[in-house]
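One structure is given here, and the rest of the page talks about it.
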Amino acid sequence: MENDYFMKEALKQAKIAFELGEVPVGAVITKGDEIISTAYNRRETGKNALFHAETEAIYKACEKLGGWRLWECSLYVTLEPCPMCAGAIVNARIPKVYFGASDFKNGACGSYINLLDTAYSFRPEVTGGILGDECTALIKEFFIKLRNSR
């Protein structure tokens, strides 16, 4: 399957977050052509700083596959992972990461800093810009709506 298909699935998750008033970030973890887990940002509704889409998807994938090493999986996420999520990606040994929108303030996969290309013994392959315009538009729409509601 193509990267666009899985990123569209991640966008569906981001739209759920949007409707809940969360920053619209969605994530999908795949193994081959199978979706293993999906998640969306839920820091506000869960009242927990750790509830990013990526960490939630990693947690669910580990549960489903019965282990912490996701070395046969890929992660698709609508926004470039932050430093915390980059650390989780490295620790879960996810070899391929695909993201949509770049995050020039907090992105840890090359836009602000690149924590996935350091001296760690494990370095995931990262591809950004998958459906980047759609992912960026959703985030921009969310923040415009948020500012207008204040």
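Atom set for the values below is all heavy atoms of this structure, side chains included, hydrogens, waters and symmetry mates excluded. Owing to the predicted nature of the structure, the values given are computational and were not obtained by experimental measurement. Residue numbers start at 1 and run along the sequence shown.
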Can you name the closest pair of heavy atoms from Pro81 and Ile89 and give their distance? CG-CD1, 3.9 Å

Which pairs with one or both residues in residues 93-116 pass ring-ring contact (aromatic ring centres under 6.0 Å, His included), sequence neighbours excluded? Tyr76-Tyr98

SB check Glu63 Lys60 (cutoff 4.0 Å): no

Would you say the side chain of Val28 lies within less than 4.5 Å of the side chain of Leu75, judging by non-hydrogen atoms? no

In Å, rounded to the nearest 0.5 Å, how long is the span from CZ of Phe18 to CD of Gln13? 15.5 Å

Check: Asp4 and Leu131 side chains under 4.5 Å, non-hydrogen atoms: yes

If you apply the rule side chain to side chain contact (heavy atoms under 4.5 Å, CB included), what do you find for Thr127 with Ile130, and how did you get there? CA-CA 8 Å; Thr127 304; Ile130 309 295; 3.9 Å; yes

Show your reasoning for whether side chain to side chain contact (heavy atoms under 4.5 Å, CB included) applies to Val97 and Ser74. CA-CA 6 Å; Val97 177; Ser74 296; over 6 Å; no

Full working for side chain to side chain contact (heavy atoms under 4.5 Å, CB included) between Asp103 and Cys82: CA-CA 8 Å; Asp103 185 346; Cys82 72; 5.9 Å; no

Closest non-hydrogen atoms of Leu115 and Ala86, given as atom of the first, atom of the second and distance, are CB-CB, 4.2 Å

For Leu79 and Ile139, run side chain to side chain contact (heavy atoms under 4.5 Å, CB included): C-alpha distance rounded to whole Å, both residues' side-chain angles, the deciding distance at 0.1 Å, then the answer. CA-CA 9 Å; Leu79 180 65; Ile139 290 169; 3.6 Å; yes

Shortest non-hydrogen separation from Ala101 to Cys135 and the atoms involved: N-CB, 3.7 Å

Heavy-atom check, side chain of Lys15 versus side chain of Pro24, under 4.5 Å: no

Determine whether Ile94 and Trp68 fall in the same hydrophobic cluster, where Ile, Leu, Val, Met, Phe, Trp and Tyr are linked whenever their side-chain heavy atoms lie under 4.5 Å apart. no

In Å and rounded to the nearest 0.5 Å, what is the CD to CD distance from Glu54 to Glu80? 10.0 Å

Which atom of Pro95 lies closest to which atom of Cys73, heavy atoms considered: CD-O, 3.0 Å

Close side-chain approach of Leu138 to Thr78, heavy-atom, < 4.5 Å: no

Is any NZ, NE, NH1 or NH2 atom of the basic residue among Glu22 and Arg43 found under 4.0 Å from an Asp or Glu carboxylate oxygen of the other? no

So, do Glu56 and Phe51 sit near enough that their side-chain heavy atoms are less than 4.5 Å apart? yes

Interatomic distance, NZ@Lys64 vs CD1@Ile29, rounded to 0.5 Å, equals 11.0 Å

Rounded to the nearest 0.5 Å, how far does CZ of Arg123 lie from CG of Leu116? 10.5 Å

Min side-chain heavy-atom separation Thr55-Met84 under 4.5 Å: yes

Transitively linked via ILVMFWY side-chain contacts under 4.5 Å: Leu50 with Tyr59? no

State, to 0.1 Å, how close Val77 and Met7 come at their nearest heavy-atom pair, and which atoms those are. O-CE, 3.5 Å

Under 4.5 Å between any side-chain heavy atoms of Lys12 and Tyr40, yes or no? no

Please determine whether the number of non-hydrogen atoms from other residues, nucleotides or ligands lying under 6.0 Å from atom CH2 of Trp71 exceeds 12. no

Between Cys85 and His52, what is the shortest heavy-atom contact and its length? SG-ND1, 3.4 Å

Any side-chain heavy-atom pair of Leu70 and Ile58 under 4.5 Å: yes

dist Lys96:NZ -> Asn3:CG (nearest 0.5 Å) comes out at 8.5 Å

Main chain of Leu146, side chain of Ser149: is a donor-acceptor contact present, judged purely on distance under 3.5 Å? yes

